[in-house]
Each structure stands twice: as structure tokens, then as C-alpha cells.
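Numbers restart at 1 for each chain; the letters A, B, ... are given by sequence-line order, proteins then strands. Worth saying up front: this structure is predicted, and the values here are computed from it rather than measured.
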4 protein chains.
Amino acid sequence: MSKDVNKVIFLGNVGQDPEIKVLPSGTRVANFSLATTERFRDEMGEYHDRTEWHYLVALNKRADVIRDYVQKGSKIFIEGKQQTRSWTDKSSGEKRYRTEVLILDISLLSPFDSSRNGQNGNGHRGHSTSTQSNGNGEFNHSPVPQEAMANTYGEPAYDDEIPF
Amino acid sequence: MSKDVNKVIFLGNVGQDPEIKVLPSGTRVANFSLATTERFRDEMGEYHDRTEWHYLVALNKRADVIRDYVQKGSKIFIEGKQQTRSWTDKSSGEKRYRTEVLILDISLLSPFDSSRNGQNGNGHRGHSTSTQSNGNGEFNHSPVPQEAMANTYGEPAYDDEIPF
Amino acid sequence: MSKDVNKVIFLGNVGQDPEIKVLPSGTRVANFSLATTERFRDEMGEYHDRTEWHYLVALNKRADVIRDYVQKGSKIFIEGKQQTRSWTDKSSGEKRYRTEVLILDISLLSPFDSSRNGQNGNGHRGHSTSTQSNGNGEFNHSPVPQEAMANTYGEPAYDDEIPF
Amino acid sequence: MSKDVNKVIFLGNVGQDPEIKVLPSGTRVANFSLATTERFRDEMGEYHDRTEWHYLVALNKRADVIRDYVQKGSKIFIEGKQQTRSWTDKSSGEKRYRTEVLILDISLLSPFDSSRNGQNGNGHRGHSTSTQSNGNGEFNHSPVPQEAMANTYGEPAYDDEIPF
DNA sequence: TTTT
DNA sequence: TTTT
């Protein structure tokens with residue numbers, strides 16, 4: 001009842017073609033970075049741009065959508081939650097942290113440019129008809145069970161690699 | 001994929017004890033108004049408060065939580081979506097509109113004051129153990145199917161009454 | 001310190017060319033409606049679209065941006081706050097209400113189609129160089145004073161008309 | 001016009017008394033961590049809590065409010081933007097990153113417990129009447145110039161320290 | 001009244 | 001590393 005809130009909203013441009021992985025468990029994972037640029041005026045009244053880079057992650061059906069429709073330069077809107085993963089650096093033995101945003105909802109604001117070749121060459125770009133990319137449940141607040149999140153509990157493979 | 005976004009976020013105080021109804025279909029409906037107050041300075045530099053009132057609606061499990069834990073004066077945080085219902089005024093024959101926010105997520109920020117009597121006297125206030133109020137599904141982005149929204153499709157009873 | 005929150009976020013399509021007014025005080029006002037469409041599945045598993053219409057208002061510099069760059073069909077992202085205006089219906093003497101969203105931040109997601117003629121024919125479309133539309137301060141959280149809101153206090157002309 | 005969006009919303013509990021610094025430039029900086037906890041069900045249907053920790057930063061007037069009214073355990077609502085700072089680790093020479101959320105708006109949801117002693121013992125806790133803590137500008141979208149953000153441009157001192 |  |  002007294003729930004907390006962890007909500008992130010970004011509208012920006014994708015920095016490079018998303019990287020798609022499939023974990024041993026079958027979970028599909030999409031990783032990419034997103035730029036948000038803000039314009040501001042300095043004390044002299046001159047305009048400057050400042051770009052912030054964000055690391056994004058999506059799982060399963062959302063990862064499929066990203067694999068099929070998102071590429072370098074795409075403008076997207078996402079809603080997600082912030083999470084920080086940690087791991088121990090193998091060479092130094094130090095603990096490292098990576099903060100990322102897990103995508104829970106995504107809207108694509110650019111037409112997909114089919115003339116550009118994705119670098120993962122997975123043959124799934126465009127309106128794929130494969131089972132995987134044909135997921136339902138990509139609508140927020142829909143009556144469809146959101147199994148993606150269920151899968152992350154006890155998911156071991158996702159956590160033991162150096163991120164990005 | 002190119003989904004739209006309709007999102008409302010309020011943090012404010014409940015104006016009166018919520019009104020709880022059960023539709024013929026069994027759908028539970030909670031209605032109440034919420035005040036959000038903002039402070040601003042006028043041209044003279046003096047502070048003023050301006051209060052805005054919002055009409056909120058919740059269905060099923062969220063309505064149960066509201067029935068059991070929300071009362072006049074409660075401070076709550078909600079996330080929802082804006083929707084406008086219309087009906088024809090029976091006396092004048094004119095079309096009328098009421099804009100409300102359908103609650104999709106709620107956080108209670110006040111302790112429940114059990115010394116105050118709710119006016120609906122439904123015996124469900126406090127930490128109820130009834131089946132209805134013991135709903136799951138009240139967690140945002142959870143793996144639990146969100147049946148509340150499914151029920152609203154083709155729901156006839158909800159639409160044919162003068163609101164509030 | 002214990003501030004309330006009244007925040008609305010929409011991503012959708014503009015229903016018609018915005019209506020632009022200038023109040024006697026000089027305040028510029030843009031009015032238009034915005035559609036947000038959500039897709040959902042009914043009990044049969046079939047997809048349906050449900051479109052919600054929202055009434056939007058923008059003042060001064062934001063109204064200038066809308067006059068110059070927004071038209072029927074534009075896809076936009078807005079952040080704003082919900083407010084309900086009331087007036088007394090002159091014929092029936094009854095109190096009427098209109099809930100609208102005051103735009104505080106806007107992002108344009110469609111290129112402006114200069115081949116279509118705006119119906120307000122104000123000669124301000126495109127990259128206008130007039131003083132009015134050349135406002136700064138259209139960036140949220142910027143160091144620029146946001147005079148638009150200041151002007152709304154004690155603004156009489158904005159309130160005495162039947163809306164939309 | 002085609003602005004990006006970088007927005008973070010948290011509702012959670014403060015992990016420890018905030019650390020307050022004053023930079024050589026006079027900028028006040030508040031640093032603290034915030035926990036957001038979500039409840040979810042695993043495949044067995046059992047409930048678990050997962051807590052995420054977030055690093056928060058506030059500047060100037062918002063830092064003053066935090067210094068005076070926020071302590072370990074406080075429940076707060078914040079709106080801000082995500083930013084990642086980087087520095088070179090002095091011992092290893094490696095580049096390090098820390099993602100934090102810069103607070104742009106804050107609402108305090110707990111009464112301040114004056115019986116607990118803040119560990120920074122700055123004598124400013126409680127309803128301070130000092131000039132610094134009596135800032136205006138703490139209202140979002142207000143007509144007050146938001147000088148805090150202006151100060152961050154070209155701010156050198158803030159960037160050359162190992163964070164947190 | 002929009003859009004895909 | 002994106003975009004206008």
C-alpha cells in the first residue's frame with residue numbers, strides 16, 4: 001500500500017545499434033545507450049548543448065521490439081526504472097557498479113530505416129513474423145500478464161558479466 | 001510500437017471519504033476528489049496558494065485498497081490516466097462531460113486514522129482480511145495480471161450514471 | 001517543502017490546427033485537442049483501439065511555439081498540469097466545468113508540413129523571426145524566469161469565456 | 001522545440017543523514033542515497049522485497065531544504081534528472097563513473113524528528129530562519145529564476161572529487 | 001477531431 | 001556513441 005516509486009522517463013536518440021543477447025535461460029536482452037540533450041544558457045546568455053548518456057536494458061518482448069525496430073539514431077520515448085548492478089572486477093578485485101534503466105515501456109518515434117544494415121545481422125529487422133518478435137504484452141497497463149519481470153527473479157546469467 | 005502516452009501523477013490530499021460502489025457486474029468502483037495545492041508568488045512578491053481539485057476513480061483491487069485505507073485528509077500519491085466520460089443530461093438533453101483520472105497505481109502516505117469513522121460504514125476499514133481487500137496486483141509493473149483494466153471493456157453499468 | 005504534485009504527460013497526435021488567441025492583456029493563448037490512443041485486448045483476445053481526447057492550453061512563449069510549429073496531425077510530447085475551469089452557462093444558469101492541461105513543456109516529434117495551410121493564416125508559421133515567437137525560456141528547468149505563469153495570476157480575460 | 005526529456009521520479013526513504021558540502025564557489029551541495037523498495041511475487045507465488053539504492057544530489061536552495069528537513073529514514077518524493085559523472089581513479093588510473101540523480105523538485109513526506117541529532121551538527125535543522133535556508137525558488141514551474149542550474153555551468157570544484 |  |  002505504501003509503495004515506493006522508481007520511475008524514469010527519457011525521450012532521446014539511440015547512440016548505436018542495440019546489442020542483442022540471449023541468455024542460457026532463454027531470456028532475450030537488449031542493451032544500448034541513449035542520448036538526451038538539453039540546451040541551456042550560460043551567464044553570457046549564450047546557448048550550449050549538454051548531452052547526457054544513459055544505459056538502457058530491455059528484456060524479452062521489449063528486447064524483441066528493440067531488435068526489430070530500433071537502430072542507431074532512432075528517436076525513442078521510454079519509461080523504465082533505475083537499477084544499479086554490481087560485480088567484482090576480475091583484475092583488480094574491486095567492486096564496480098553500473099547504473100542502468102530497465103525499460104518497461106517504449107514508443108518508437110522514428111520510422112525504421114531499412115536501407116541501413118544493422119550490425120547484428122540477425123535477419124529479424126523489419127516486420128518480422130517470427131514467434132519471438134510477435135509478442136503481445138508490449139502495451140503498458142494492459143490486461144496481459146507481464147512475464148518479462150517474473151523471469152528476472154533468480155536469473156543468474158544476467159548478473160555475472162561485465163556490463164556494456 | 002509507436003504507442004501513445006497518457007500519464008497523470010498526483011501527490012495531494014483527499015477531499016472527503018471515498019464513495020464506494022459495486023456495479024451489477026461486480027466491479028468495485030471508488031470515487032473521490034483530490035486536492036493539489038501549489039504556492040506561487042504574485043507580481044508583488046507575495047505568496048499565494050492555489051488549489052486544484054481532481055476527480056479520481058479506481059476499480060476493483062485498487063478500489064478495495066482505497067475503501068480500506070483512504071479517508072478524508074489522507075495524503076496519497078497516484079499514477080493514472082486521464083479520461084473524459086460523457087452523458088446526456090436528462091433534464092436539458094445536453095451533452096455533459098466529466099474528466100477524471102483512472103488510478104493505476106497508488107501509494108498511501110498517511111497512517112490510517114481508525115478513530116475516525118468512514119461514512120460508508122462498510123466494516124472493511126483497517127487491515128481487512130477479507131478476500132476482496134487482500135488483492136495482489138497492486139504493484140506497478142508486477143508479473144501479476146492486471147485484470148482490473150480488462151473488466152472495463154464492454155462494462156455497461158459504469159457509463160450510464162451521472163458522475164460524482 | 002511538503003509540496004504537492006500535479007503532473008500530466010502526454011504523447012499523442014494533435015486533432016486540429018491549434019486555435020490562437022491574444023487576450024486584452026497581451027497574453028497569447030493556444031488551444032487544441034490531443035488524441036492518445038491505447039491498444040488493448042478484450043476477453044476474446046482481440047485487439048481494439050481506444051482513443052482519449054485531451055484539451056490542451058498553452059500561454060505566451062509556448063503558445064508561440066505551437067502557433068509556429070504545431071498543426072493538425074502533429075505528434076507531440078507534452079508535460080503539464082491538470083486544471084479545471086468553471087463558468088456559469090448563460091442560458092441555463094448552471095455551473096459548467098472544463099478540465100484542461102496547461103502545457104509547461106513541449107517537444108515536437110513531427111517535421112512541420114509547410115505544404116499544408118494553417119487555418120489561422122497568421123503568417124507566423126515556419127521559423128518566424130517576429131519578436132513574440134522568438135522567445136527564449138522555452139526550456140524546462142532553465143535558469144530563465146518563467147514569466148508565463150506569473151501572468152496568469154489575476155488574469156481576468158482568460159476566465160470569462162465559454163471554453164473551446 | 002524538439003527537446004529531449006530526462007526525468008526521474010522517486011518516492012522512497014533516505015538511507016542516511018545527508019552529507020552537506022559547500023564548494024569554494026559557494027555552491028551548497030547535498031548528497032545522500034535513497035532506497036526504493038518494490039514487492040514482487042516469484043514463481044512460487046511468494047512475496048519478496050527488492051530494494052534499489054539511488055544516489056541523489058541537490059544544489060543550493062534545494063540543498064538547504066535537505067540540510068534543514070531531511071534525515072535518515074525520511075520519506076521523500078523527488079523529481080530530477082539522471083546524470084553520470086566520471087573521474088580518473090588516482091591509484092589505478094582507470095576511468096570511473098557514478099550515475100546520480102540531480103534533484104530539481106522535492107516534497108517531504110515525513111515530519112522532521114527534532115529529537116534525532118543530525119551528524120553534521122550544523123545548527124540549521126528545524127525551521128531555520130537563516131537567509132540561506134529561507135530560499136524561494138523551491139517551487140517547480142514558478143516564476144522565480146532558477147539560479148541553481150545556472151551555477152552548475154563551468155563549475156569546476158564540483159567535478160574533481162571522488163563521489164560519495 | 002488525430003494517428004498507425 | 002545520438003540528434004537538431
Side-chain angles (χ1 to χ4, degrees), chain A residues 10-19 31-40 47-56 65-66 69-78 100 106-113 116 118-119 127 138-139 163-164, chain B residues 1-6 84 86 95 97, chain C residues 10-19 31-40 47-56 65-66 68-78 100 106-113 116 118-119 126-127 138-139 163-164, chain D residues 1-6 84 86 95 97:
Chain A
F10 292 146
L11 172 57
N13 296 287
V14 171
Q16 74 288 113
D17 284 347
E19 176 191 352
N31 282 291
F32 61 100
S33 53
L34 184 81
T36 58
T37 300
E38 81 181 310
R39 182 153 296 175
F40 64 101
Y47 284 102
H48 300 264
D49 282 351
R50 188 191 287 124
T51 293
E52 196 65 35
W53 286 97
H54 313 279
Y55 289 92
L56 303 196
V65 169
I66 287 162
Y69 298 108
V70 171
Q71 61 196 163
K72 177 178 175 175
S74 295
K75 180 156 292 244
I76 65 172
F77 173 91
I78 69 100
E100 61 199 17
I106 183 167
S107 293
L108 310 180
L109 304 171
S110 309
F112 184 77
D113 183 352
R116 269 197 279 165
Q119 60 207 20
H127 282 269
E138 64 267 63
F139 301 102
F164 306 110
Chain B
M1 246 91 45
S2 184
K3 267 168 304 170
D4 289 347
V5 175
N6 172 1
T84 299
S86 66
K95 197 146 195 195
Y97 300 89
Chain C
F10 291 145
L11 173 57
N13 296 287
V14 171
Q16 74 288 114
D17 284 347
E19 176 191 351
N31 282 290
F32 61 101
S33 53
L34 184 82
T36 58
T37 299
E38 81 181 311
R39 182 154 295 177
F40 65 102
Y47 284 103
H48 300 263
D49 282 352
R50 189 191 287 125
T51 294
E52 195 65 36
W53 286 97
H54 314 278
Y55 289 92
L56 303 196
V65 169
I66 287 162
D68 291 341
Y69 299 107
V70 172
Q71 61 196 164
K72 177 179 177 175
S74 295
K75 181 158 290 249
I76 65 172
F77 173 92
I78 69 99
E100 61 199 18
I106 183 167
S107 293
L108 311 180
L109 304 172
S110 309
F112 184 77
D113 182 352
R116 267 198 280 163
Q119 60 207 21
H127 283 270
E138 65 266 62
F139 301 102
F164 306 110
Chain D
M1 245 91 44
S2 185
K3 268 169 302 171
D4 289 347
V5 175
N6 173 359
T84 300
S86 66
K95 196 146 194 195
Y97 300 90

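- Taking atom NZ of residue D:Lys3 and atom C1' of nucleotide F:dT4, one finds them 14 Å apart after rounding to whole Å.
- Between F:dT4, E:dT2, F:dT2, one nucleotide has an atom nearer to the side chain of C:Asn13 than all others, and that is E:dT2.
- Between the side chain of B:Ser2 and the base of E:dT4 there is no donor-acceptor pair of N/O atoms closer than 3.5 Å.
- The OH-C1' distance, from C:Tyr55 to E:dT2, rounds to 13 Å in whole Å.
- In this structure, of F:dT4, F:dT2, F:dT1, it is F:dT4 that holds the atom nearest to the side chain of A:Asp49.
- One interatomic measurement links the two molecules: OH of C:Tyr69 to P of F:dT4, which rounds to 15 Å at whole-angstrom precision.
- A:Gln71 has its CD atom 15 Å from the C1' atom of F:dT1, to the nearest Å.
- Closest heavy-atom contact between C:Asp113 and C:Gln71: N-OE1, 2.8 Å.
- Here C:Ser74 lies out of heavy-atom contact (under 4.0 Å) with every strand.
- Atoms CG (C:Asp113) and C1' (E:dT3) sit 15 Å apart, rounded to a whole Å.
- Minimum atom distance to the side chain of C:Ser33 is reached by E:dT1, of the listed F:dT2, F:dT4, E:dT1.
- Across all strands, C:Thr36 comes closer than 4.0 Å to no nucleic acid atom at all (heavy-atom distances).
- Distance A:Asn31 CG to F:dT1 C1': 14 Å, rounded to the nearest Å.
- A straight line from CG of C:Leu108 to P of F:dT3 spans 19 Å, rounded to a whole angstrom.
- Under a 3.5 Å cut-off, the side chain of C:Asn31 and the backbone N or O of C:Glu19 do not form any donor-acceptor pair.
- Taking all atoms of both residues into account, the shortest heavy-atom contact from A:Arg39 to A:Asp49 is NE-OD1, 2.8 Å.
- In terms of heavy-atom proximity, B:Val5 sits nearest to A:Ser107 at CG2-OG, 4.4 Å.
- Side-chain atoms of A:Arg39 lie closest to F:dT4 of the nucleotides E:dT1, F:dT1, F:dT4.
- In this entry the distance linking CG of A:Leu11 with C1' of F:dT4 reads 13 Å, nearest Å.
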(message) Does C:Ile76 form a side chain to side chain contact (heavy atoms under 4.5 Å, CB included) with C:Phe32? I'd like the steps, not just the answer.
(response) CA-CA 12 Å; C:Ile76 65 172; C:Phe32 61 101; 3.7 Å; yes
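- Which of E:dT2, F:dT1, F:dT4 sits closest to the side chain of A:Lys72 comes down to F:dT1.
- Ring-base stacking between C:Trp53 and E:dT1 is satisfied, the centre separation being under 5.5 Å and the plane angle under 30°.
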